[in-house]
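Written out below as structure tokens is the structure these notes cover.
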Amino acid sequence: MTDTQAHREQVHERVLSWYAAHGRDLPWRRPEATPWGIYVSEIMAQQTPIARILGPWLTWLKRWPNPAALAADPPAEAIRAWDRLGYPRRALNLHAAATAMVRDHDGEVPADLDQLRALPGVGEYTAAAVGSFAFGIPAPVVDTNVRRVLARIALGEAQAAPSLTKAERDLAAAWMPADPDDANRWNVASMELGALVCTARTPGCGVCPVADLCVWRVAGSPAYDGPRRPHQGYAGTDREVRGAIMAIVREADAAVPAAAFTDVAAADRIERAVAGLVADGLLRLSEQGYDLPR
DNA sequence: CAAACGTGGAT
DNA sequence: TATCCAAGTTT
């Protein structure tokens, strides 16, 4: 009974109606949301909890309602507006992508998977997500939520492997409903199920619409026995130093001298972090010191 | 392919 | 307090 075509269709039905009743009313999901708004939401959501991007998204879209508006401002403004969302290269990428949209796509978000994928900061996931949510292209959207949902429902495993495998891509593709509209709804609905019910830490199997169809659940929710995801530390890393330096430069009114960073860490670590930030284009060295790119 | 890349809330 | 985890991408 498990993982047959009939099983999948039953799961589709239940998850789609669950989403219709319980999906969140996020601003980029509303009918009036533009491809640009959806694009910005996807970049902001990379490795970042949805709750944390809500405010910044509203601010961002009000200030830069379309790609041309953002492209008209210097990258420094995008980096400042990004504030503490993390991975500030995403702000730089967003600005560069807006510039590319103006230059190559008539100021619009391209409605094509390959053209999306060619934009800076857009990988396999984001291209599929923007394609599906903004343009109705029924590409499999395989994010961390979908991976976990499929691992449990279809494979009977508590969690997905540490990194996306070809087997998982194939599985996600096989699970796509044949009808394009259903496929696009399945993308957002299965992601939402993973975000709200089929969560990593304490899954809400008691309220899950497909608990009785879940291979993992039916097997008694066995513990994960595969390889663990490598632990990503932060304290003592260059990332920590880079973050502290960027915070100082963001909040300064003018270029700051290197001396402004001395309290952040040991001199050699500061030197390495600054060099990296300059190489990444997040920092610029002028006569007066370091500032954001213009 | 492994490792780098920010930040903060939850357990 | 320590670790985990969050709509990934790039090199």
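By convention in this document, chain letters (A, B, ...) are assigned in the order of the sequence lines, proteins followed by strands, and residues within each chain are numbered from 1.
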What's the closest nucleotide to the [X] side chain, out of [options]?
X: A/A200; options: C/dT10, C/dT3, C/dC5; value: C/dC5
X: A/T144; options: C/dA7, B/dC5, B/dG6; value: C/dA7
X: A/W28; options: C/dT9, C/dC4, C/dA7; value: C/dA7
X: A/R239; options: B/dG6, B/dG8, C/dA7; value: B/dG6

Quick one: label [X] by what it contacts on the DNA or RNA (base, sugar-phosphate, nothing), any heavy atom closer than 4.0 Å.
X: A/E240; value: nothing
X: A/G123; value: sugar-phosphate
X: A/L26; value: base
X: A/R148; value: sugar-phosphate
X: A/T237; value: nothing
X: A/R24; value: base

Side-chain donor/acceptor of A/T48 to base of B/dG6, under 3.5 Å: yes
Using a cut-off of strictly less than 4.0 Å, decide whether [X] has a side-chain nitrogen or oxygen near OP1 or OP2 of [N].
X: A/Q47; N: C/dG8; result: yes
X: A/Y234; N: B/dT7; result: yes
X: A/S41; N: C/dA7; result: no

Using whole Å, what does the distance between atom [atom2] of nucleotide [N] and atom [atom1] of [X] come to?
X: A/R250; N: B/dT7; atom1: CZ; atom2: P; result: 6 Å
X: A/R89; N: B/dC5; atom1: CZ; atom2: C1'; result: 5 Å
X: A/E124; N: B/dC1; atom1: CD; atom2: P; result: 12 Å
X: A/R90; N: B/dC5; atom1: CZ; atom2: P; result: 15 Å

Over 60° means perpendicular and under 30° means parallel, so classify the ring planes of A/Y290 and A/F261, tilted if in between. tilted
How would you list, by chain and number, every residue that makes a ring-ring contact (aromatic ring centres under 6.0 Å, His included) with A/W60, sequence neighbours excluded? A/W64, A/W82
List the residues meeting ring-ring contact (aromatic ring centres under 6.0 Å, His included) with A/W28, not counting sequence neighbours, and say none if there are none. A/W57
Would you say the side chain of A/P27 lies within less than 4.5 Å of the side chain of A/L54, judging by non-hydrogen atoms? yes
List the steps, then state whether salt bridge (Lys or Arg N to Asp or Glu O under 4.0 Å) holds for A/D73 with A/R80. CA-CA 12 Å; A/D73 275 340; A/R80 278 217 173 78; over 6 Å; no
Restricting both atoms to N or O, compile the protein contacts to nucleotides 9-11 of chain B shorter than 3.5 Å, with distance only.
{"residue": "B/dT11", "atom": "O4'", "partner": "A/R201", "partner atom": "NH1", "Å": "2.9"}

Using atom [atom1] in both nucleotides, what's the gap between [N] and [M] to the nearest angstrom?
N: B/dA3; M: C/dC4; atom1: P; result: 16 Å
N: C/dT9; M: B/dG8; atom1: P; result: 22 Å
N: C/dA7; M: B/dA4; atom1: P; result: 23 Å

Contact nearer the 5' end of DNA chain B, comparing A/S163 with A/P49: A/S163
Check for a donor-acceptor pair, side chain of A/R8 on one end and backbone N or O of A/A174 on the other, with a separation under 3.5 Å. yes
Inspect the contact between A/K166 and A/D170 and indicate whether a charged nitrogen and a carboxylate oxygen are less than 4.0 angstrom apart. yes
Verdict with supporting geometry, A/D114 and A/R117, salt bridge (Lys or Arg N to Asp or Glu O under 4.0 Å): CA-CA 5 Å; A/D114 291 327; A/R117 185 70 177 72; over 6 Å; no
